[in-house]
Amino acid sequence: DPERYPDLSEYVDVFHSMDIKVIMWATSVINETASNFQEGKDKGYFLSGGKTVKWWGGKGAFIDYTNPQAVDWWHSQMDNILDMGIDGWKVDGTDPYVMLLMPAAAHDGKLITWSDYKDQCYRDFFEYTRSKLGNDRVISARPVDDQLLQVGLPLVSTSRDINFAGWVGDNDNDWGGLQHALNNMFSSAEFNFVSYGSDIGGFRSDGNTYKDVFIRWAQLGAFCPVMENGGSGEHRPWAYDEQTLDIYRKYTILHHQLIPYIYSQAAYSYELVKPTMRPQPGEYIYLLGDDILVAPMFEQGDERTILFPQGEWISIVDDTKQYTEGIKKLSFSLEDFPAFIRKGAIIPMNVTCDATGHGTSFSDGYTTVLIYPQQGEKKFGLYEQDKEGSLISYVKNDGSLNISCTATERSLLFRVYGESDAASVKTANGNLPRALSMQALTAMQSGYFIDGDVLWIAVKNAQDGIGLNVTY
């Protein structure tokens, strides 16, 4: 609409200049009130001769994806937006309404099922956009949503091979809505989707604001592959109070810090046909990737019963809190949240400040690699675009810890937990110098610094790979 958006292309450019991606909302329904409706109907580009159905956005007809001429025409409509260089589409769930055509018929008279149509629709948005703009473009669509047909059963919308930025439908803004989002997330995991989230604070509003729900939902969002804020009602954290804003900011920062871990684990999960969010025994408990355990707060109050899997688990927001296998009834204030790192894990992060305790502003420019070493060997594949990346690993024995990383363009800052008694850190070229502060360490080409229970090791240039030997 040129009256509402006279400079839409410039608007997109401004966002891109701020390193913000832009996606556009879309469906495959053309409403009767749209300027291109009559042309599409006259040329036979709609299913069932242009028969219309009433949906939540108006009354319209469906593009016939089996008609090559209709698809070309539809692509010419999409090109008006794709030529602005957008980053993808939020493709909303109108596809189930195709069943209201009873039956839906293609241009050649063949019947089209909902299963046929949803695959044609979502796949066309995904594949055509990538063909025009490249393989870094996405669609955001529902993976599994039990409300598409109001039947209370999990219904799969898209295929896992085209939906890398999903959201799990429209939820209420209360505790029931948060639980509904979790139900759809866990159902999506059953179908091995790798990347999705939910509308923090709910999509539908009952007119009330629920501070505790909003905060707990934001904390949950931080530990989903996609963290998103959207919906009706009040979603601005600063509109609640200072406490809400501080907590929201901290967990938003934590989510951004975790992106190297989440991105790598999602790629690995996709290749192995498994979900990134992996439901565990107990009530609403899941692993985010291999080594982060999450037990969302899903009802009012501070108490949470958690069934910890085998091994040792360390709070991601407080290293001093550690738990072993078994059922634990714990208390978590609004500022705290039950998320835990498995002892032995390697967790790569992008840390640029001290908001979460995993580094400081001096960490900026490095990939911070959290290591919680235990006896034996551990490996982590740090994924980069186009199936490239590096392998980070360690081997811990009684008298030494060996850390290595294959060639990478990243500068690395290892945060090694529980190794404060290190006597020296060596490479093949000799001992690394010991710094007296984090600021001094990150000013070096390479070196180490001991801060309480944490051994920090910095390597600015790892283009040829690195090998580190820590002795005691």
Side-chain angles (χ1 to χ4, degrees), residues 260-261 264 289-293 308-316 318-325 340-349 351 357-360 362-363 366-382 390-408 410-438 440-472:
Y261 172 82
S264 298
D290 290 335
D291 291 316
I292 297 179
L293 183 72
F308 285 93
Q310 184 177 10
E312 297 179 52
W313 299 89
I314 303 166
S315 169
I316 199 168
D318 185 352
D319 281 342
T320 67
K321 296 179 179 178
Q322 302 181 29
Y323 306 93
T324 55
E325 178 182 2
F340 312 89
I341 296 175
R342 187 196 304 270
K343 181 70 177 297
I346 297 173
I347 309 288
M349 302 177 75
V351 179
H358 296 298
T360 71
F362 299 117
S363 307
Y366 290 87
T367 295
T368 298
V369 182
L370 276 57
I371 297 180
Y372 296 82
Q374 62 180 5
Q375 292 289 109
E377 183 180 15
K378 179 72 173 182
K379 297 179 180 180
F380 186 94
L382 181 57
S390 53
L391 183 67
I392 303 172
S393 63
Y394 73 78
V395 178
K396 181 174 174 59
N397 299 314
D398 291 336
S400 67
L401 172 67
N402 292 297
I403 301 171
S404 64
C405 181
T406 58
T408 178
R410 297 174 183 251
S411 296
L412 300 173
L413 183 61
F414 295 96
R415 182 186 186 275
V416 189
Y417 178 78
E419 302 297 319
S420 59
D421 56 343
S424 66
V425 179
K426 302 177 183 178
T427 69
N429 296 321
N431 289 344
L432 297 186
R434 178 171 178 172
L436 298 179
S437 68
M438 180 67 81
L441 174 67
T442 53
M444 298 175 174
Q445 283 297 313
S446 59
Y448 73 100
F449 166 58
I450 296 176
D451 183 17
D453 288 335
V454 175
L455 167 65
W456 294 92
I457 308 172
V459 180
K460 278 192 175 177
N461 186 346
Q463 293 182 0
D464 296 323
I466 57 169
L468 301 167
N469 174 249
V470 181
T471 57
Y472 307 96

Give every donor-acceptor pair under 3.5 Å between a side-chain atom in residues 450-460 and any protein atom, sequence neighbours left out.
unit_1	atom_1	unit_2	atom_2	d
K460	NZ	T442	O	3.2

Quiz item: For T367, what residues pass the side-chain hydrogen bond (donor to acceptor under 3.5 Å, both in side chains) criterion, not counting sequence neighbours?
Solution: R410
Quiz item: Is any side-chain N of the basic residue among D319 and R415 closer than 4.0 Å to the acidic one's carboxylate O?
Solution: yes
For the student: nearest non-hydrogen atoms of [X] and [Y], plus distance:
X	Y	value
D421	Y472	OD1-CD2, 3.4 Å
Y448	L432	CE2-O, 3.5 Å
Q463	A407	O-CB, 3.1 Å

Taking the side chain as every heavy atom from C-beta outward, state whether [X] and [Y] have any pair of such atoms under 4.5 Å apart.
X	Y	result
R434	V425	no
D291	Y261	yes
I314	K343	yes
K321	F340	no
F414	I466	yes
C405	L412	yes

Self-check item: Residue from Y417, F380, Y394 passing side chain to side chain contact (heavy atoms under 4.5 Å, CB included) with I371
Solution: Y394
Quiz item: If you count the non-hydrogen atoms of other residues, nucleotides and ligands that lie under 6.0 Å from CD in Q375, is the total more than 12?
Solution: yes
